[in-house]
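Have a look at the structure below, then the notes.
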Amino acid sequence: MGGVTSSMAAKFAFFPPNPPSYKLVKDEATGISVLDPFPHRENVDVLRIPTRRGNEIVAVYVRNPMATSTLLYSHGNAADIGQMYELFIELSIHLRVNLMGYDYSGYGQSSGKPSEHNTYADIEAAYKCLEESYGAKQENIILYGQSVGSGPTVDLASRLPRLRAVVLHSPILSGLRVMYPVKRTYWFDIYKNIDKISMVKSPVLIIHGTNDDVVNCSHGKQLWELCQEKYEPLWVKGGNHCDLELYPEYIRHVKKFISTVEKTPSRRNGSRRSTDGIEQLRQSTDHYEPPRRSMDQRDKPRRSTDTREKPRKSTDTREKPRKSTDRPPRLKFHEYTKFNSIDKLEKLKVSLDRMERMERSRRSVEYHDKSSRSNDQQLEKGRKSVDWLDRIRAD
């Protein structure tokens, strides 16, 4: 049952671009790997990184000579780093950070298949590379997760107490809650951010569009309520799921957040190197997790944040966000079209209804079997009695 539900969840959660938007080639003159069709940049490294689950992921590392922080970016579910490449360059420049972006297993030119547990191993491998190859320290690293990327981001952040900060961009409460309005955490759910966010000790910035019709804004609001160290959130008025970077307030707010956490001395202490902390603090993501009571039922006053509010029609008459002239227009809708498939959501709802019915009926199966056998025995006795009476009458 576990394998079936996990496979089903993966089918609805991951949409790697097919074919990938880039090719990984080596420059014959220099032997340096580059992403085709993008030209080589002196400040960009293209890497292959092995993971603890036996896969090899592709990553890009963008240097900024003015940087004091390094941002580790986990992209959404229907993009790869080829589609994100120019956005990575822009963010590195405008935010004055070094930036590493990576493809999940099964995405782009990364090997393996996409799954929840593979993404946990993928982000750990990218993080370890930052420390060992680039000398980044936990106190200077900012984890950034967009949409489904909030899953591996929150999972890793919950196990690293000395991170500089965390940014969650259009985050999800859990995989199941995006597609189905469940009020509890099921054991087969994926990316249970709702149960992990309270363990994140770093400052957390949450950004969400008020008109997001893929992941309702209530997801971001409830996660913000559950954060230990809250930072002023950004609710982008009129923003949808994949266009928040086009709003001027987006880059201003993220830049302000990074400037604030860089100036604020860390109050979080740690006794060991963070790579050791990954191994020691990790509650294995490979074993079965018993069902936990959902965070959206623990706190009565916060009940209102769990209900999905229908996005209001904006009275703002300004023009819709225009396509950025600084990067390819494909960045705008790299996630939306596939993740928002109505047919697939309906199929999942039907599947979940069946699962709940199976769960309710499982304990009564033996009872019904016993009752059925008992009824058969009684019918057989009745038939024998009737035959006996018939014989008496005949005599």
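What you see is a predicted model; the values in this text were computed from it and never measured.
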Item to check | Residue pair Thr51, Glu56: steps toward the side-chain contact (heavy atoms from CB on, under 4.5 Å) verdict | outcome: CA-CA 6 Å; Thr51 77; Glu56 193 173 58; over 6 Å; no
Where [X] and [Y] come nearest, the two heavy atoms and their spacing:
| X | Y | result |
| --- | --- | --- |
| Ser110 | Ile57 | OG-CA, 3.2 Å |
| Asp80 | Pro20 | OD2-CA, 3.6 Å |
| His241 | Asp212 | ND1-OD2, 2.7 Å |
| Lys192 | Thr185 | CD-CG2, 3.7 Å |
| Asn211 | Gly238 | ND2-CA, 3.6 Å |
| His94 | Lys255 | O-CE, 3.5 Å |

Checklist entry - Could you go step by step and tell me if Ile251 and Leu95 meet the side-chain contact (heavy atoms from CB on, under 4.5 Å) rule? => result CA-CA 8 Å; Ile251 198 70; Leu95 301 178; 3.8 Å; yes
If you define the side chain from C-beta out and look only at heavy atoms, does anything of [X] sit under 4.5 Å from [Y]?
| X | Y | result |
| --- | --- | --- |
| His253 | Tyr231 | yes |
| Gln109 | Leu35 | no |
| Ile197 | Cys227 | yes |
| Cys129 | Met100 | yes |
| Phe88 | Val44 | no |
| Val254 | Leu91 | no |
| Glu232 | Phe257 | no |
| Tyr191 | Ser174 | no |

Can you tell me how far the [atom1] atom of [X] sits from the [atom2] atom of [Y], to the nearest 0.5 Å?
| X | Y | atom1 | atom2 | value |
| --- | --- | --- | --- | --- |
| Ser198 | Leu226 | OG | CG | 6.5 Å |
| Glu249 | Leu246 | CD | CG | 10.5 Å |
| Ile123 | Leu156 | CD1 | CG | 5.0 Å |
| Asn64 | Ile93 | CG | CD1 | 7.5 Å |
| Leu244 | Ser170 | CG | OG | 4.5 Å |
| Ser150 | Leu143 | OG | CG | 12.0 Å |

[X] side-chain N/O to [Y] backbone N/O, donor-acceptor pair under 3.5 Å:
| X | Y | result |
| --- | --- | --- |
| Lys201 | Arg162 | no |
| Asn240 | Asp243 | no |
| Ser92 | Ile89 | no |
| Tyr73 | Gly149 | no |
| Arg164 | Glu139 | yes |
| Asp103 | Ile81 | yes |
| Ser202 | Leu163 | yes |
| His169 | Ile207 | no |

Is it true that [Y] and [X] share a donor-acceptor pair across their side chains at a distance under 3.5 Å?
| X | Y | result |
| --- | --- | --- |
| Tyr85 | Ser21 | no |
| Tyr102 | Ser74 | yes |
| Asp122 | Tyr107 | no |
| Arg63 | Asn98 | no |
| Glu131 | Tyr127 | yes |

Check for me, please, whether [X] and [Y] land in the same ILVMFWY cluster - side-chain distances under 4.5 Å, paths through other members count.
| X | Y | result |
| --- | --- | --- |
| Phe38 | Ile32 | no |
| Ile49 | Val25 | no |
| Val46 | Met84 | yes |
| Val60 | Val34 | no |

Next on the checklist: Set out, in order, the CA-CA distance, both residues' side-chain angles and the distance that settles side-chain contact (heavy atoms from CB on, under 4.5 Å) for Arg159 and Glu124, then state yes or no.
Outcome noted: CA-CA 11 Å; Arg159 296 182 273 115; Glu124 287 176 15; 3.1 Å; yes
Checklist entry - After noting the C-alpha distance and the side-chain angles of Arg96 and Glu262, does the key distance pass the salt bridge (Lys or Arg N to Asp or Glu O under 4.0 Å) rule? => result CA-CA 11 Å; Arg96 292 188 179 183; Glu262 286 179 341; over 6 Å; no
Next on the checklist: Once you measure the plane-to-plane angle for His208 and Trp235, does it fall in the parallel (<30°), tilted (30-60°) or perpendicular (>60°) bin?
Outcome noted: tilted
Checklist entry - Would Asp189 and Arg177 satisfy side-chain contact (heavy atoms from CB on, under 4.5 Å), going step by step from the backbone distance to the final call? => result CA-CA 9 Å; Asp189 199 355; Arg177 286 173 174 84; 3.6 Å; yes
Next on the checklist: Checking Ser133 against Tyr61 for the side chain to side chain donor-acceptor pair (under 3.5 Å) test, could you report, in this order, the C-alpha distance in whole Å, the side-chain angles of both residues, the deciding distance, and whether it holds?
Outcome noted: CA-CA 11 Å; Ser133 299; Tyr61 180 79; over 6 Å; no
